[in-house]
Participant: 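Starting off with a structure, shown below.
Quick caveat, the model's predicted, so the values are computed rather than measured.
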Amino acid sequence: MTKLRGRSLGRRASALERRLGVRFRDKDLLKLALTHRSYAYEQGGLPTNERLEFLGDAVLGIVVTDAIYKEFPSLPEGSLAKMRAALVNMIVLADVAREIGLGESILLGRGEEMTGGRNKSSILADGLEALLGAFYLDRGMKAARELILGLFTPRIRGQVEGGTTIDYKTSLQEMAAAQLGSLPEYQISETGPDHAKRFNATVFLRGNAYGTGEGRSKKEAEQAAAKIAVERLRATDEPPPAQEPVRR
């Protein structure tokens, strides 16, 4: 059974490499990048991809920061910081991971597998960072930079509209005021230990839950929820019915 699963992983990992247009020299490093903690624990405490995730987050951050600094020489520090935050967050990372089919290759425990873990934004975003960290170790900074820019350059340019980044919370506030005559309200919950907290946000319009999102910070979770609400409002002309105000 283990051997069969190992061969299956090999095929899926090779398919992932083809989609990325890269080749890992160290296949064990690639496997480690794909090893979610739920699988590692089920297998008796194997190493997980969390250290690689930590490294990949730093590599991604410096590459994206360098790219936007050079791409937009006239933008002030505050705008650059907002742009980086709009690019290096769980929403965007999960979208990139879905585009490259990363979820198909991640090693998950049975519980995560049964609850849709292959499409969970948190698992996909962490997995992408781990993959980038592993590729950096395997091929060096130059190759890692080329890979990251290939994935993120369209998003870097797409995030800019007249010199400002897309802010879904602001967009939702403006749309809700114009279309509904009310403002969005957010409810936040959190899970996980202090060093690895996850935040969940639900945005309410006229007392109705209209979008949920998660993130590594309250702001990121609220942006994720607002993005869904904005897309729903754009997709329909029918406003949500009025309900009782949200109780905090």
Side-chain angles (χ1 to χ4, degrees), residues 13 16-17 19-22 30 32-38 48-68 80-108 112 116-137 143-160 165-169 191-192 195-201 211-228 230-231:
L16 177 62
E17 288 177 307
R19 288 192 294 272
L20 286 170
V22 302
L30 173 57
L32 179 59
L34 298 173
T35 302
H36 187 258
R37 62 177 177 270
S38 62
T48 75
N49 64 2
E50 291 175 347
R51 280 172 53 86
L52 287 174
E53 173 197 337
F54 168 78
L55 178 62
D57 175 62
V59 174
L60 175 63
I62 188 60
V63 171
V64 169
T65 300
D66 179 71
I68 62 176
L80 290 173
K82 289 179 181 179
M83 187 182 298
R84 180 176 58 191
L87 288 162
V88 185
N89 63 62
M90 187 169 63
I91 305 168
V92 175
L93 297 184
D95 284 345
V96 172
R98 291 185 182 100
E99 288 180 5
I100 64 175
L102 180 59
E104 300 169 17
S105 300
I106 294 176
L107 290 170
L108 292 177
E112 286 290 358
R118 295 195 184 279
N119 196 44
K120 284 185 180 179
S121 293
S122 57
I123 291 177
L124 290 172
D126 292 347
L128 180 62
E129 288 180 336
L131 184 69
L132 296 176
F135 193 65
Y136 162 75
L137 289 178
R145 183 177 185 276
E146 291 175 357
L147 175 59
I148 291 168
L149 291 181
L151 295 172
F152 283 85
T153 293
R155 288 172 170 81
I156 290 172
R157 292 171 180 165
Q159 281 289 336
V160 178
T165 58
I166 297 171
D167 181 345
Y168 287 104
K169 283 188 67 178
T191 57
H195 68 279
K197 280 191 180 298
R198 295 285 182 182
F199 294 87
N200 293 278
T212 59
E214 58 180 324
R216 297 169 185 172
S217 67
K218 292 179 181 179
K219 289 184 178 180
E220 189 173 306
E222 288 174 346
Q223 284 285 348
K227 180 176 185 289
I228 293 172
V230 165
E231 291 171 350

Participant: Return the NZ to CG distance between K219 and N89, rounded to the nearest 0.5 Å.
Facilitator: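 Going from NZ on K219 over to CG on N89, the span is 13.0 Å.
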
Participant: For the residue pair K227 and I91, establish whether any side-chain heavy-atom pair is separated by less than 4.5 Å.
Facilitator: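 Answer yes - side chains close enough.
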
Participant: How close do G215 and E220 get, counting heavy atoms only, and between which atoms?
Facilitator: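 Answer, listing the atom of G215 first, then E220: CA-OE2, 3.6 Å.
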
Participant: So K120 and H36, do their side chains get closer than 4.5 Å, heavy atoms only?
Facilitator: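 H36 vs K120: side chains apart.
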
Participant: For F135, what residues pass the ring-ring contact (aromatic ring centres under 6.0 Å, His included) criterion, not counting sequence neighbours?
Facilitator: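 F135 satisfies ring-ring contact (aromatic ring centres under 6.0 Å, His included) with F24 only.
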
Participant: To the nearest 0.5 Å, how far apart are CD1 in I148 and CG in L132?
Facilitator: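 Answer for the CD1-CG pair, I148 versus L132, is 5.0 Å.
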
Participant: Are there over 12 heavy-atom neighbours, none belonging to R198, within less than 6.0 Å of that residue's CZ?
Facilitator: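 Enclosed: over 12 neighbouring heavy atoms sit under 6.0 Å from CZ of R198.
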
Participant: In Å, rounded to the nearest 0.5 Å, how long is the span from CG of L149 to CD1 of I156?
Facilitator: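 Answer rounded to 0.5 Å: 6.5 Å.
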
Participant: Counting only N and O atoms by type, is there a donor-acceptor contact under 3.5 Å from the side chain of R19 to the main-chain atoms of I100?
Facilitator: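 Yes, the answer is positive, given that a donor and an acceptor are paired below the 3.5 Å cut-off.
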
Participant: Anything under 3.5 Å between a donor and an acceptor, one on a side chain of residues 51-66, the other on a protein residue two or more places apart or in another chain? List them.
Facilitator:
| unit_1 | atom_1 | unit_2 | atom_2 | d |
| --- | --- | --- | --- | --- |
| T65 | OG1 | G61 | O | 2.6 |
| T65 | OG1 | R84 | NH1 | 3.1 |
| D66 | OD1 | K70 | NZ | 3.4 |
| D66 | OD2 | K70 | NZ | 3.3 |

Participant: About how many Å separate CG of L20 and CG of L151, when rounded to the nearest 0.5 Å?
Facilitator: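 Output value for this atom pair is 6.5 Å.
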
Participant: Measure the shortest side-chain to side-chain distance between F152 and L93 over non-hydrogen atoms and say whether it is less than 4.5 angstrom.
Facilitator: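 Sidechains of L93 and F152: in contact.
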
Participant: Can you name the nearest heavy-atom pair linking G213 to A224, along with the distance?
Facilitator: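 Looking at all heavy atoms of both residues, the shortest contact is CA-CB, 3.7 Å.
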
Participant: Do you know which two heavy atoms are closest between I106 and I123, and how far apart they sit?
Facilitator: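 It is CD1-CG2, 4.0 Å.
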
Participant: Nearest 0.5 angstrom please: Q223 CD to Y168 OH, how far?
Facilitator: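 These two atoms lie 8.5 Å from each other.
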
Participant: Locate the shortest heavy-atom distance separating A225 from A201; write the atom from each residue and the value.
Facilitator: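 For A225 and A201, the tightest heavy-atom pair comes out as CB-O, 3.7 Å.
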
Participant: Heavy atoms, side chains only, cut-off 4.5 Å: are L102 and L34 in contact?
Facilitator: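 Answer yes - side chains close enough.
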
Participant: Which atom pair, heavy atoms only, marks the closest approach of A86 to V92?
Facilitator: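 In this case the closest contact between A86 and V92 is O-CG2, 3.3 Å.
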
Participant: Which atom names give the shortest non-hydrogen contact between S105 and L16, and what distance separates them?
Facilitator: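 Minimum heavy-atom separation between S105 and L16: OG-CB, 3.8 Å.
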
Participant: Under a 4.0 Å threshold between the charged nitrogen and the carboxylate oxygen, would K169 count as salt-bridged to E222?
Facilitator: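 Here E222 pairs with K169 in a salt bridge, since their nearest N and O are under 4.0 Å apart.
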
Participant: Using 0.5 Å steps for rounding, measure from the OH atom of Y136 to the CG atom of L147.
Facilitator: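 Atom-to-atom, Y136:OH and L147:CG are 14.5 Å apart.
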
Participant: I'd like to know if D126 pairs up with R37 as an ion pair, taking the criterion as any Lys NZ or Arg NE/NH1/NH2 lying under 4.0 Å from an Asp or Glu carboxylate oxygen.
Facilitator: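 No salt bridge links D126 with R37.
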
